[in-house]
There are 2 protein chains.
Amino acid sequence: MLLGRVARMYYEHGLTHQEIADTLGVSRIRVTRLLAEARETGVVEIIVHVEESLFADDERDLAAAFGLRQVWISPSVADEQKAARAFASVGAEALAAKLEPDAVVALGLSTAVALVAEEFPDHPLAASFVPVAGSVSGLVNGANPHELALAFARRTNGRAFHLPAPLLAASPEAAAASLADPGVREVLELAARADTLVAGIGGTARGQGLLLSSLGDAERERLLADGAVGDLAGRFFDADGDAVHGALDARVVGLGLDELRAIPNRLGIARGETKLAALRTALSSGLVNLLVTDSDTARALLAG
Amino acid sequence: MLLGRVARMYYEHGLTHQEIADTLGVSRIRVTRLLAEARETGVVEIIVHVEESLFADDERDLAAAFGLRQVWISPSVADEQKAARAFASVGAEALAAKLEPDAVVALGLSTAVALVAEEFPDHPLAASFVPVAGSVSGLVNGANPHELALAFARRTNGRAFHLPAPLLAASPEAAAASLADPGVREVLELAARADTLVAGIGGTARGQGLLLSSLGDAERERLLADGAVGDLAGRFFDADGDAVHGALDARVVGLGLDELRAIPNRLGIARGETKLAALRTALSSGLVNLLVTDSDTARALLAG
DNA sequence: GGGGATCGTGTACATTTGTTCACAGGAATG
DNA sequence: CATTCCTGTGAACAAATGTACACGATCCCC
């Protein structure tokens, strides 16, 4: 158990990597790596005994300003990679806090949610994870709803459901056909009865989000003309938070905005300047009642 | 609660000191210090989940070779300060392992024991701490038996006893007078009934230990001539582990070697080349049956 | 048995962390 | 009111830690 000896020498006796390497007859770099492994595998556990959250003030203020049930804020950092991980881990914390054993969780398609899945701690609570919309083909990272559900299910020892349909059908008719499929229908019905929705919130800037980037400019213009300011789990909404019906909307295979709104816990996960407008609407119109964002976005929302 | 926020940003989100400083608007150096404080005060707790001890093999071997009940080994490091702290913390661990609630602990005068007291964790078990010998005047650090007992008592919410007498009386007659004092007698009687003795083991090299360094060269030569190889809690012993009686011994105010030997748990705390001979004798003659030492000393003992 | 991927390793470097020092403000003391 | 002694602060430096890269071994597949 070299790992354990190294970990104890470092954390309990305060020796340096070099000193440990010398007494144990291995290279310093190896000690460095063993220590990293010890932290990752949980051999070394670091607990911060603090009840209050990092941005308690802003969280309280945001909840009050938009009538939200609870808000979680992650620290914004210049290093984007680090910021993303921190954001995801706060998202995971938020979801874990709302998740009860045997819960049914509806999952929106979103890179943010995918990152949360990565960071989700291994807690066996046997929940069910259900996509609220179909898959996008040609996704590089595993952000497809099904994979996402699988990732969550693996970590919670729960069940993952598959929605055998595309997010965006070729035509309204094709979408209707998909929705009529018993396999699709069943899963969507389950999603509609979920206790908790976890979804990203998308803006309308070019190239934003998984759905928009798969569309052409023409379709995007039409959406904007129809008053769209953002989307929640594949459904666009206008400045009042009402659904933007139209050619695009009819092609989406998934729960409608009203069905999403009927889910009791609606956790929105989003950050960044490009999402501010969409966020403001989603929050003030009650599309989501739980929010995970980062400190910069939080401050911008409060300032607005 | 700046401390807590900093600690969480660092340990839970992996931000660097600089990044934390930027988001919180304080200097990086302040973050560094807050983090150190968080670790010291226990706001941040680091647990290494490893059952086996660092030098399990050597500990087993040493116990077998000298017929000891248990052995604890701390890592030897070039950095003397660090080595001393590691040694002391292992000593504290050892003592804590042997200490039961309401135990009576006899304390030998020794810098090693003093360091252990510093590192002793705050565990309320209401033990009594009793010196086995009188005080040395003009000690810089707080290694006097009474202070030592106080330090332990404070950390365990226990009781400290004071032996109102010098370690070394001016004459055998003065020592006898001290011993006849009811206050002294009472405390020593309590010490003799202790469950556990904690004492350093001293060598006979010049300047070694608190007792020897307070003697002149002549007295040291006499001791050597009488066959002394080391001391335990102020009492010198010869190569057989028997007491070296004589002018010096008669002036010591404290428990005799036989009384010390009658204490069930006898924890010896010593390390270093200069103590090897004394240690060998103390171990093989059964003066102590529990040992705390460092890895270099352990290896030397095993090699001999 | 050769080619290629993969893993573990250490070197050299970049980054992060910790420490020393000198200074400034504020409380205690003359 | 001046002086001294703190305590807390950051700048500059020293040390420790982490990372990119390149090398060699091993395993696997052809």
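Below, chains carry the letters A, B, ... as their sequence lines are ordered, and counting in each starts from 1. Just so you know, these numbers come straight off a predicted model, no measurement behind them.
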Using the six-membered ring of A/F87, assess whether NZ or CZ of A/R271 lies under 6.0 Å from its centre and within 45 degrees of the ring axis.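 Satisfied, under 6.0 Å and within 45°.
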
Cation-pi between A/R5 and B/F55: NZ/CZ under 6.0 Å from ring centre and within 45° of the ring axis?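 Geometry flag: set, cation within 6.0 Å and 45°.
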
Roughly, in whole Å, what's the span from [atom1] in [X] to [atom2] in [N]?
| X | N | atom1 | atom2 | result |
| --- | --- | --- | --- | --- |
| A/L34 | D/dT17 | CG | P | 14 Å |
| B/L2 | D/dG8 | CG | P | 14 Å |
| B/L35 | C/dG18 | CG | P | 7 Å |

Main-chain N/O of A/I73 paired to A/E59 side chain as donor or acceptor, under 3.5 Å: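 Checked: pair present.
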
Mind checking whether A/S53 and A/W72 have side chains closer than 4.5 Å, heavy atoms only? no

When you check the phosphate oxygens OP1 and OP2 of [N], does a side-chain N or O of [X] lie under 4.0 Å from one of them?
| X | N | value |
| --- | --- | --- |
| B/R28 | C/dT17 | no |
| A/S27 | C/dG10 | yes |
| A/R30 | C/dT9 | yes |

Given D/dT17, C/dG10, C/dT19, the nucleotide with the shortest approach to the side chain of B/T32: C/dT19

Provide the closest heavy-atom pair for A/G108 versus A/L148 in the form atom of the first, atom of the second, distance.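 Looking at all heavy atoms of both residues, the closest pair is O-CD1, 4.4 Å.
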
Distance, nearest 0.5 Å, that separates CZ of A/R8 from CG of B/L54: 5.0 Å

Take nucleotides 20-25 of chain D nucleotide by nucleotide from the 5' end and write B, S or -, depending on whether a protein heavy atom sits under 4.0 Å from the base, only from the sugar-phosphate, or from neither. B-----

For the CD atom on A/E80, are there more than 12 heavy atoms of other groups (residues, nucleotides or ligands in this structure) within a distance under 6.0 Å? yes

Does atom CD of A/E45 have more than 12 heavy-atom neighbours from other groups under 6.0 Å away?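 Result for CD/A/E45: enclosed.
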
Quick check on contacts: within residues 9-26 of chain B, what sits under 4.0 Å from DNA chain C by heavy-atom distance?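 Contacts with DNA chain C under 4.0 Å: B/Y10, B/T16, B/H17.
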
